[in-house]
Amino acid sequence: MGEYNIGQFIYRSRKAVGLTQEELCRNVNGIICCSVETLSRIERGKQRPNYRTMRDIMRRLGKENCFCTPYLKTTDYRVLELNRELKRILTLNDYNKAEELLAELEGELSLQYVTNRQYLVRIHATLDQRQGRITVEEELEMLERALKMTVHSYGTKNFSYEILLPEEIVTVCNIADSYGKLGNIDKALVLLQMITEMLNDMTLQINYPAGIYEMVYRNRIKWIGEKGLYREAIEECDRAIADCLKRNILNTLPSLCYARAYNMQKLREIYRKPSEGRNEMVDLDYIKCALLAELIQDEKGRDKALSKLV
Amino acid sequence: MKDEVLEKYIRLLGNEEEPNRVGEMTEKELLLGRTLKRMREYRQISLEDMSEGICAPSDMTAMENGIKASLLMTAAYLTRMGKSVNKFEFYSTNLEYSQQCKRDHIVEVWKSNELEAAKGYLAEYERYFRSKFSRRWGDWQRRCIALRGGELPGENREVWEGLVRQKLYFTQEELDYLWELAGFYERTGEADRVHEVYALMYQNTMATGMFLPQNSKGMDEERKLEILPELCMAYGHFEHTHGRDENALQVLDTAVELLQKSMRMKLLRELLEERMQIRRELWETTGAERMYQGMGADAQNLIALDLVYGNIPKVYERTKWLREETKWESTILDSLYTALEKRSD
């Protein structure tokens, strides 16, 4: 579940689009949605807006969320369950099965809603790139355009004010991944650092769904390692693994163990004497990955880890 | 990019020339209330049945029509339908956040056996939050506190009969009550009553034919994750200690499969230990091949978890036992054993 403090959400979203309280309360036609005093109380968490005020404020901020809502706009609960299943299949890198599920999901989602379209663009771009139908550059372009559909401050200096919803965080991670693949690792790390700071900001009083933190960790580790900062990557792996154990999350553990082993191996290659053979600590991490992958029934992950032991 | 791929993105991205930074949006919001109302009406559940034990029907109507929205009431509504809150984004005020924190604190305090303190916090909570919704929640807490203190609430019979008759899924407060009831009967040595309580909780959580038998998938996976690991651990262990091993295995299987599929670890190690123990006993007494295979798989999964928790002595002990005593064959374990031997050298 994503749980957001309404006042913080409105305040940060207002800052992100660069509006004063007066400008938010009164639109270009001079229509007032609420008084500045009311908005101030709402932003400070002292007052809950009624439905109409909330709707008007959200519209003026370019957001379409109101009170409590699923990100995907549907009255069919089954669609939300399909979405969950699709996420699980993508974790297992089963792209063919993911495409089947996406087709089924797409048939159920109305394109009238911007968040539905945004979601579909993101998933399509990811799958199209993995299946070789588009290049990484094209994937990046689509992802950034998708993000801007709901996060209008993306690419501006006000982007750091935004409180991102989980789907938006996933999109940013995908964008960072694309930048990394194109060689712009610094840009990838800047984006991921921004997300990490938002997730760790306790003053926002936000509860993010399980797995979000671990996903961001995993992405950061990948690109820190690619930059050659192996020690730092190993430290991040240890932090991420400890976090997974604390939150009882299993799905990212195999890949974190793999990342740890990989970075350890790279570090050893720098300092190792030619006479030294394989290192059992590195092997243990790969074995850990294989065993954990088997536990979550990820055969590909298991085989990939085992191949490193040969 | 091929033309058909490009066309797909053009269709999905829509008209980006439309002003969408600030201004009047044309998209319609979809309120949670409408989704829930549709689910309820499709299943022909009345407002009275849905609101029973949670709040007044008028509160529920207000929520369904988007007039009122409260995280706590929505969560209760969703759990009654066997759904998880995890698919939704909630926007709460400081007051709602504070109410939720106070509730969590009260539950934490009585679960820590500080019963007098819990009563005090509850009284303070009820002075501040006076709705029917809050009073009902308070009633459930008082019953739990009484059971924890070794006292069967006077209205237990009516409450129990109500829960047995419940056509919908239990709310968290009702489940907490049943947990405390099971604990109470365990302390008084009434094994049959304990079994009844666990069985009721399990059947309610696993039920699929609650609303429309021909079209019901049952409780959400996320909601099951909140209930089953702990329940199956307690129920499975209870059945095992009372000699009902087949039932114990079935119950434990439910939780382990759920955790594996959803890739969560809550109580996974304890469940695997319990299940492995039962399978080992059955293999040793009956020689059944499926028990041997199951036992080996469980032991290997436990090794994975012990490794990740850094419990290397246990990993070594289990690996040695699997290879040498049970003759379990596995490439991964062979590699692990070699790595461990090298490490100890």
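Order of the sequence lines sets the chain letters (A, B, ...), proteins ahead of strands, with each chain counted from 1. In this text, all values refer to a predicted model and were calculated from it rather than measured experimentally.
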Output the distance between atom [atom1] ([X]) and atom [atom2] ([Y]), rounded to the nearest 0.5 Å.
{"X": "Asp283(A)", "Y": "Leu340(B)", "atom1": "CG", "atom2": "CG", "result": "11.0 Å"}
{"X": "Leu305(B)", "Y": "Leu250(A)", "atom1": "CG", "atom2": "CG", "result": "7.0 Å"}
{"X": "Met265(B)", "Y": "Asn251(A)", "atom1": "CE", "atom2": "CG", "result": "9.5 Å"}
{"X": "Glu141(A)", "Y": "Tyr9(B)", "atom1": "CD", "atom2": "OH", "result": "10.5 Å"}
{"X": "Asp285(A)", "Y": "Leu307(B)", "atom1": "CG", "atom2": "CG", "result": "9.0 Å"}

Chain B heavy atoms under 4.5 Å from [X]: which part of the residue, side chain, backbone, both or neither?
{"X": "Cys289(A)", "result": "neither"}
{"X": "Ala305(A)", "result": "neither"}
{"X": "Ile134(A)", "result": "side chain"}
{"X": "Leu253(A)", "result": "side chain"}

**Q.** Criterion side-chain contact (heavy atoms from CB on, under 4.5 Å) on Asp128(A) and Lys8(B), from CA distance to verdict
**A.** CA-CA 11 Å; Asp128(A) 282 342; Lys8(B) 172 177 73 183; 2.7 Å; yes
Q.
Tell me if a side-chain donor or acceptor on Gln297(A) pairs with a main-chain N or O of Lys261(B) at a distance below 3.5 Å.
A.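 No.
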Q: Report yes or no: does Arg264(B) contribute a side-chain atom to a donor-acceptor pair with the main-chain N or O of Ile249(A) at less than 3.5 Å?
A: no
Q: Assess whether atom OH of Tyr128(B) is packed by more than 12 heavy atoms of other residues, nucleotides or ligands within 6.0 Å.
A: no
Q.
Within the 4.5 Å heavy-atom criterion, are Val308(B) and Lys288(A) side-chain neighbours or not?
A.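 They are in contact (side-chain heavy atoms under 4.5 Å apart), so the answer is yes.
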Q. Do the side chains of Glu294(A) and Ile332(B) get nearer than 4.5 Å, heavy atoms only?
A. yes
Winner by heavy-atom pair count (cut-off under 4.5 Å) against chain B, out of [options]:
{"options": "Asp298(A), Leu245(A), Leu120(A)", "result": "Leu245(A)"}
{"options": "His124(A), Arg133(A), Arg302(A), Arg44(A)", "result": "His124(A)"}
{"options": "Leu291(A), Val121(A), Asn248(A)", "result": "Asn248(A)"}

**Q.** With sequence neighbours excluded, residues passing ring-ring contact (aromatic ring centres under 6.0 Å, His included) with Tyr11(A)
**A.**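 Result, ring-ring contact (aromatic ring centres under 6.0 Å, His included) vs Tyr11(A): none returned.
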(Q) So, using ring-ring contact (aromatic ring centres under 6.0 Å, His included) as the criterion, who are the partners of Tyr337(B) when residues are at least two apart? (A) none
Q: Measure Leu268(B) against the heavy atoms of chain A and call it side chain, backbone, both or neither at under 4.5 Å.
A: side chain
Q) Do you know which two heavy atoms are closest between Gln260(B) and Leu295(A), and how far apart they sit? A) NE2-O, 3.0 Å
